[in-house]
Amino acid sequence: MGRDVPALVFTREDRRRYRIKMQECLEAFAQMLRESRFETERPQVGLEIELNLVDDRGEPAMRNSDALEAIADPAWSTELGRFNLEINIPPRQLTAGGPDAWETEIRAALNHAEDRAASVGAHLIMVGTLPTLRQSDVGEAALSENPRYRLLNDQVFAARGEDLHIEVDGVDRLRTYADTITPEAACTSTQFHLQVAPEEFPDYWNAAQAVAGVQVALAANSPFLLGKELWHESRIPLFEQATDTRPQEIKAQGVRPRVWFGERWINSVFDLFEENLRYFPALLPLCDEQDPAETLDRGDIPELGELTLHNGTIYRWNRPVYAVAHDRPHVRVENRVLPAGPTVADTLANGAFYYGLTRALVEEERPVWSRMSFSVAEDNLHTAARHGIEAHLYWPGVGEVTVPELVLRRLLPLAHRGLELSGMDSAWREPLLGIIEQRCVTGRNGAVWQKEMFHHIDATARADRHEALRRMTQQYMDYMHLNAPVHTWPVD
């Protein structure tokens, strides 16, 4: 939900008009699908990274407006919390520019932003949940200044009618209540975008759903939340709870949550947008002036503003996206399951694994989603979030198996094949997927390193828990700037 919106109060008439406009948008989208009006010739990939801001001590820095002004680059934007920023890396073709081009571009953008943010007393850190966040850091005062966040917050609580209850059991137990959605700001993610032809979308979405658990297990990087040691990827249960518009009685009735894995494999991209209208009331019923049917009739491309705004308030782990770029509409899969960090090298390795594996699975004669129940794919996601790279996951033809064994024996060769089909030669593939291989061989990812380093400091420095987390965070940032993959980070 990246659009700026005004601060206002919605009426019943606003909601009635919005419902009508969403249906008109859906009908226009169906017409566009029938008439094959979409960009398919030069499919591109994209990347968004959410980051945290900290001060010199590794504590949260509520300075995103100041940092954004100092960075002065339209690729950067605020996020929900004052200690968050987001960068939108320009889209590109997967194999454009040679092996190091994308990494060079991303590192240059991040280094420039770090230098500018430092001038206002803030530093960037790529991590799934900031280890030094305390309960006092995620109150109402931490909401970003943009009115859209206040409006979203008000609408979520108007729907709930009561405070949020956040409950996560891990090594420790977290039990807390929140009277704003700001705890969601603790969830910072990496979002991989994959543009596909509409007729290919269901296969790629189904493949992304099937591998979501494996992705999270390999890349878990969020073991600490509000001073507690919880799941390896605590961002998953936190995000599911921090944006939940349902009070307990509505949950008991089986109403679907807005942070949603889904409930079935799909046959068309239309299925997902139609579900959005069928299952979810509008949070932000803001109507555009554009009439989508009239726009199509005169040969132009509609923005489908109501449909896309509504889609932005439903947080699927793999989200469908409709957009218009250079006067051509396209659809893409937005893969949202992964945390930020730890390094650019790790991020691009995660991307290579995702893009390669989904391509290979789509090309298989008998798709994996025809051999795996949808509920098993969802169970894999939550098992992976809880146990990380130590998880046992189910895969067709293999059964329940450890993540390293599944990846090394079955999925890594498929990822190589998929990247090769995409035009990426072995000199490019090997370093990227080699990082994934070594994570499996060593059993070490960001979550494992954070846990080990925290316990090392806790045992040797006689520091209290928050001080140990703070020192661990500072060490994390030092290694992050070196850009060495996390499986190589020492614990000392």
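All values derive from a computational prediction rather than experimental measurement. Because only heavy atoms are used, hydrogens play no part in the values below, and waters and symmetry mates are left out as well, while side chains stay in.
The neighbour count for Glu263 CD, taken as heavy atoms of other residues, nucleotides or ligands under 6.0 Å away, is above 12. Enclosure of atom CD in Glu69 is not indicated, since only 12 or fewer non-hydrogen atoms of other residues, nucleotides or ligands lie within 6.0 angstrom. More than 12 heavy atoms of other residues, nucleotides or ligands sit less than 6.0 Å from atom CZ of Arg175.
Atoms CG and CG, on Leu152 and Leu80 in that order, are 7.5 Å from each other to the nearest 0.5 Å. Separating the CD1 atom in Ile49 from the CG atom in Leu51 is a distance of 6.5 Å, to the nearest 0.5 Å. Summarising the geometry, atom CG belonging to Asn318 is positioned 7.0 Å from atom CH2 belonging to Trp205; distances are rounded to the nearest 0.5 Å. In this structure, OH on Tyr177 lies 10.5 Å from CG on Leu164, to the nearest 0.5 angstrom. Taken from CG in Asp73 to CG in Leu68, the straight-line distance is 9.0 Å, to the nearest 0.5 Å.
Side chains of Val138 and Phe83 form a contact here, defined as non-hydrogen atoms less than 4.5 Å apart. For the pair Arg465/Asp458, no side-chain contact is recorded, criterion being any heavy-atom separation below 4.5 Å from C-beta on. A heavy-atom distance below 4.5 Å is not found between the side chains of Pro367 and Val362.
In this model, no donor atom of one side chain and acceptor atom of the other lie less than 3.5 Å apart for His456 and Gln475. Between the side chains of Asn64 and Thr78, no donor-acceptor pair is found at a separation under 3.5 Å. Counting only N and O atoms by type, the side chains of His123 and Glu114 include a donor and acceptor under 3.5 Å apart. Side-chain polar atoms of Thr176 and Gln135 form a donor-acceptor pair below 3.5 angstrom. Side-chain N/O atoms of Asn276 and Arg316 include a donor and acceptor closer than 3.5 Å.
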Can you give me every donor-acceptor pair (side chain of residues 337-346, partner residue at least two apart or in another chain, under 3.5 Å) with its distance?
residue : atom : partner : partner atom : Å
Thr343  : OG1  : Ala345  : N            : 3.3
Thr343  : OG1  : Asp346  : N            : 2.9
Thr343  : OG1  : Asp346  : OD2          : 2.7
Asp346  : OD1  : Arg439  : NH2          : 3.2
Asp346  : OD1  : Val486  : N            : 3.4
Asp346  : OD2  : Val486  : N            : 3.0

Which side-chain N or O atoms in residues 398-410 pair as donor and acceptor under 3.5 Å with protein atoms at least two apart or in another chain?
residue : atom : partner : partner atom : Å
Thr402  : OG1  : Glu405  : N            : 3.4
Glu405  : OE2  : Arg409  : NH1          : 2.5

Contacts table for residues 222-234: side-chain donor-acceptor under 3.5 angstrom, sequence neighbours left out:
residue : atom : partner : partner atom : Å
Ser222  : OG   : Glu233  : OE1          : 3.0
Ser222  : OG   : Glu233  : OE2          : 2.7
Glu229  : OE1  : His455  : NE2          : 2.9
Glu229  : OE2  : Lys451  : NZ           : 2.7
Glu229  : OE2  : His455  : NE2          : 3.4
Trp231  : NE1  : Asp169  : O            : 2.8
Glu233  : OE1  : Asn221  : N            : 2.7
Glu233  : OE1  : Ser222  : N            : 3.3
Glu233  : OE2  : Arg235  : NE           : 2.8
Ser234  : OG   : Ser222  : O            : 2.9
Ser234  : OG   : Trp231  : N            : 3.1
Ser234  : OG   : Trp231  : O            : 2.9

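Applying the side chain to side chain contact (heavy atoms under 4.5 Å, CB included) rule to Glu86 yields the partners Glu48, Glu50, Ser77, Glu79, Gln191; only residues at least two apart in sequence or on another chain are considered. With sequence neighbours excluded, the residues satisfying side-chain hydrogen bond (donor to acceptor under 3.5 Å, both in side chains) with Gln474 are Arg470. Listed by chain and number, the residues in a side-chain hydrogen bond (donor to acceptor under 3.5 Å, both in side chains) with His416 are Arg429 (sequence neighbours excluded). For Asp66, the salt bridge (Lys or Arg N to Asp or Glu O under 4.0 Å) partners two or more places apart in sequence, or in a different chain, are Arg63. Remark: Arg258 engages no residue in a salt bridge (Lys or Arg N to Asp or Glu O under 4.0 Å) (not counting sequence neighbours). Among residues two or more places apart in sequence or in another chain, the side-chain hydrogen bond (donor to acceptor under 3.5 Å, both in side chains) test is passed with His330 by Arg332. Scanning for side chain to side chain contact (heavy atoms under 4.5 Å, CB included) contacts around Asp379 gives an empty result, with sequence neighbours left out. Applying the salt bridge (Lys or Arg N to Asp or Glu O under 4.0 Å) rule to Glu420 yields no partners; only residues at least two apart in sequence or on another chain are considered. Taking the side chain to side chain contact (heavy atoms under 4.5 Å, CB included) definition, one finds that Thr347 meets it with Leu47, Thr190, Phe192, sequence neighbours left out.
Taking 4.0 Å as the cut-off between side-chain N and carboxylate O, Glu105 and Arg92 count as a salt-bridged pair. Checked for salt-bridge contact, Arg246 and Asp244 meet the test: a charged N lies under 4.0 Å from a carboxylate O. Using a 4.0 Å cut-off between charged side-chain N and carboxylate O, Arg82 and Glu145 make a salt bridge. Of the charged side-chain nitrogens involved, at least one lies within less than 4.0 Å of a carboxylate oxygen, so that Arg444 and Glu452 count as a salt-bridged pair. A salt bridge between Arg359 and Glu200 is absent, with no side-chain N of the basic residue lying under 4.0 Å from a carboxylate O of the acidic one.
The aromatic ring centroids of Phe374 and Trp369 lie 6.0 Å or more from each other. Trp317 and Phe239 have their aromatic ring centers within a separation under 6.0 angstrom.
Taking every heavy atom of both residues into account, Ala67 and Leu53 meet most closely at CB-CD1, 4.1 Å. Closest non-hydrogen pair, Ala113 versus Trp76, comes out as CB-CZ2, 3.2 Å.
Of the possible polar contacts, none joining the Asn146 side chain to the Tyr149 backbone as a donor-acceptor pair under 3.5 Å is found. Judged by distance alone, the side chain of Thr188 and the main-chain N or O of Gly128 form a donor-acceptor pair under 3.5 Å. The backbone N or O of Thr182 lies less than 3.5 Å from no partner atom in the side chain of Asn153, so there is not a single donor-acceptor pair. Of the possible polar contacts, one joining the Asn445 side chain to the Ala217 backbone as a donor-acceptor pair under 3.5 Å is found. With hydrogens and angles disregarded, a donor-acceptor distance shorter than 3.5 Å links the side chain of Asp425 to the backbone of Trp428. Between the side chain of Asn84 and the backbone N or O of Gly81 there is at least one donor-acceptor pair closer than 3.5 Å. Without hydrogens or angle criteria, Asn52 side chain to Leu124 main chain gives no donor-acceptor distance under 3.5 Å. Under the 3.5 Å distance criterion, the side-chain polar atoms of Tyr315 are left unmatched by any main-chain donor or acceptor of Arg336.
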Should Asn350 and Ile436 be marked as a side-chain contact (heavy atoms from CB on, under 4.5 Å) after you check the CA-CA gap, both sets of side-chain angles, and the distance that decides it? CA-CA 7 Å; Asn350 294 337; Ile436 302 297; 3.8 Å; yes

Chi angles and distances behind the side-chain contact (heavy atoms from CB on, under 4.5 Å) call for Thr243, Val156: CA-CA 7 Å; Thr243 52; Val156 167; 5.8 Å; no

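Screening Gln209, Gln215, Arg319 against Asn335 for a side-chain hydrogen bond (donor to acceptor under 3.5 Å, both in side chains) leaves a single residue, Gln215.
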